[in-house]
Amino acid sequence: GKLTTSNDCQQNVRNYFDFLFVASKVSLILEKNYAMEETINAKIAELKQQLTGDLFQDGELMQEIYELKKQLNPAIVDNPAEDDDDGCLYCGS
């Protein structure tokens, strides 16, 4: 077989540490995204508790909820069916 040289070992170690660095950055990004998602979901829940059931009175709250939902799932803009909530805010159901 091929003998591993010192340079090969050093390169492998550098590659490993580069990988760990990138992995730690990805982990931090995922943690921040999760925290942001949790904050948005909490705000949505808070706003939903303020809904009265009167479409005209709830209009601003519903719009704010929708804006927050778009941050979590931008696809709902073009495909409202993607909104997995318990009822579409704008479909009249």
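- For E60, the salt bridge (charged side-chain N to carboxylate O under 4.0 Å, His left out) test picks out no residue, with sequence neighbours left out.
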Passes side-chain contact (heavy atoms from CB on, under 4.5 Å), I44 versus L72? Steps please. CA-CA 11 Å; I44 289 171; L72 295 175; 4.0 Å; yes

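- Summarising the geometry, atom CG belonging to N7 is positioned 7.5 Å from atom CZ belonging to R14; distances are rounded to the nearest 0.5 Å.
- Between the side chain of D58 and the main chain of L61, no donor-acceptor pair closer than 3.5 Å is present.
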Please step through side-chain contact (heavy atoms from CB on, under 4.5 Å) for the pair M62 and L55, ending with a clear verdict. CA-CA 9 Å; M62 293 168 66; L55 184 61; 3.7 Å; yes

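- Residues satisfying the salt bridge (charged side-chain N to carboxylate O under 4.0 Å, His left out) test with E38, not counting sequence neighbours, are none.
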Residues 17-34, side-chain donor-acceptor partners within the protein, below 3.5 Å, at least two apart:
from, atom 1, to, atom 2, distance (Å)
S24, OG, L20, O, 3.4
S24, OG, F21, O, 2.7
S27, OG, E31, OE2, 3.4

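- Here the straight-line distance linking atom CD of Q57 with atom CG of L51 works out to 10.0 Å at 0.5 Å rounding.
- E82 and N73 get closest at one heavy-atom pair: O-ND2, 3.5 Å.
- Residues Q71 and E67 bring no donor and acceptor atom of their side chains to less than 3.5 Å of each other.
- One distance of note links CG of N41 with CG of L68; it measures 9.0 Å at 0.5 Å rounding.
- Expressed to the nearest 0.5 Å, how far NZ of K48 lies from CD of E64 amounts to 13.5 Å.
- For I76 against Y66, the heavy-atom pair with the smallest separation is CD1-CE1, 3.8 Å.
- For the atom pair CG (N15) and CD (Q10), the distance works out to 12.0 Å, reported to the nearest 0.5 Å.
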